[in-house]
Amino acid sequence: MIQLEQAPNLEKNFIPEFRSKFQFEGLLIAIFIIILWAISQIFLLWLDFSKCNILILLSFIIWQTFLYTGLFITAHDAMHGLVLPNYPKINHFVGSLCLKLYGLLPYQKLLKKHWLHHQHPAGELDPDFHDGKHENFIAWYFHFMKSYGSWRQIISIVIIYRILLHLLRIPAANLNYFWALPSLFSSLQLFYFGTFIPHKQPIGGYIAPHNAQTIDRPMWWSFITCYHFGYHKEHHEYPHIPWWQLPEIYTISKNKL
């Protein structure tokens, strides 16, 4: 298996302090996110929201978007072997399951591309980076999504949509508001906080080797916006650290400045 690049000199200072003594912590957090997403999804798909006002409807959409993002972040941690480090088959199974639930995304394809992203961030070989022509947010987003999507995925989603609509009699409005839109909004959220802002070229130019910036926000806001994915410089420096421990890395790094 290809190993992600790390920073050996800094790893010595941080691994004893941040390596969890409970080896199943990552798995339990992953299971919690999956179950919470599933319960919320089932509830919202069968919810009669005809009497709900627009604010409640928007709250439900935002909530489900947040849980969709949690699925992807869990899959991302699985790509780094952090869901269950000592059991790689289970680790990658959880990651694959999360991507299937998220949007029928192929885990192995994303896994290989994510390795390339860490090895060549913001470079020509980085599959997540723009091609020099699509540098603004909208153009870069569509360029990014095109590289990960496929007609097979789209056709499969349409088939599932029709099955849920016609065989299970789930209202189209519920499918659109709580199944389709949250997944779409989550992709925008993940792209903005995990690719566009962290990897767009800063005014002073990139700082090698990670070519990544951190979104300097309070920890509670960092969690709400994207499960601390905005602490992106720290993630590239310490890819062996799970998402819920990034705030500690961020705080220590910030205090050392």
[Y] side chain reached by [X] side chain, heavy atoms, under 4.5 Å:
X: Val94; Y: Leu84; result: no
X: His117; Y: His199; result: yes
X: Tyr68; Y: Tyr102; result: yes

Separation between CZ of Arg162 and CG of Leu167, rounded to the nearest 0.5 Å: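 So the gap between those two atoms works out to 11.5 Å.
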Point-to-point distance, once rounded to the nearest 0.5 Å, from CD1 of Ile138 to CZ of Phe191: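 With rounding to 0.5 Å, CD1 (Ile138) is 10.5 Å from CZ (Phe191).
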Could you tell me if the ring centre of [X] sits under 6.0 Å from that of [Y]?
X: Tyr177; Y: Phe49; result: yes
X: Tyr227; Y: Phe66; result: yes
X: Phe193; Y: Phe229; result: no
X: His143; Y: His130; result: no
X: Phe129; Y: Trp140; result: yes

Verify the neighbour count for atom OH of Tyr192: are there more than 12 heavy atoms of other residues, nucleotides or ligands below 6.0 Å?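 Not more than 12 within 6.0 Å, no.
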State whether Tyr107 and Lys100 meet the cation-pi test: NZ (Lys) or CZ (Arg) under 6.0 Å from the six-membered ring centroid, and within 45° of the perpendicular axis.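 No, Lys100 and Tyr107 do not form such a contact.
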Going through the checks in order, is the side chain to side chain donor-acceptor pair (under 3.5 Å) test met by Thr214 and Glu234? CA-CA 7 Å; Thr214 278; Glu234 289 73 23; 2.3 Å; yes
Apply the test side chain to side chain donor-acceptor pair (under 3.5 Å) to residues His80 and His240: give CA-CA distance (whole Å), side-chain angles for both, the deciding distance (0.1 Å), then the verdict. CA-CA 7 Å; His80 287 270; His240 55 283; over 6 Å; no
Run the numbers on Asn53 and Ile56 for side chain to side chain contact (heavy atoms under 4.5 Å, CB included), then give the verdict. CA-CA 6 Å; Asn53 60 45; Ile56 294 178; 3.4 Å; yes
Within one Ile-Leu-Val-Met-Phe-Trp-Tyr cluster: Trp37 and Ile62, side-chain cutoff 4.5 Å: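 No, no single cluster joins them.
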Step by step, work out the side chain to side chain contact (heavy atoms under 4.5 Å, CB included) result for Asn176 and Leu181. CA-CA 6 Å; Asn176 295 334; Leu181 282 181; 5.5 Å; no
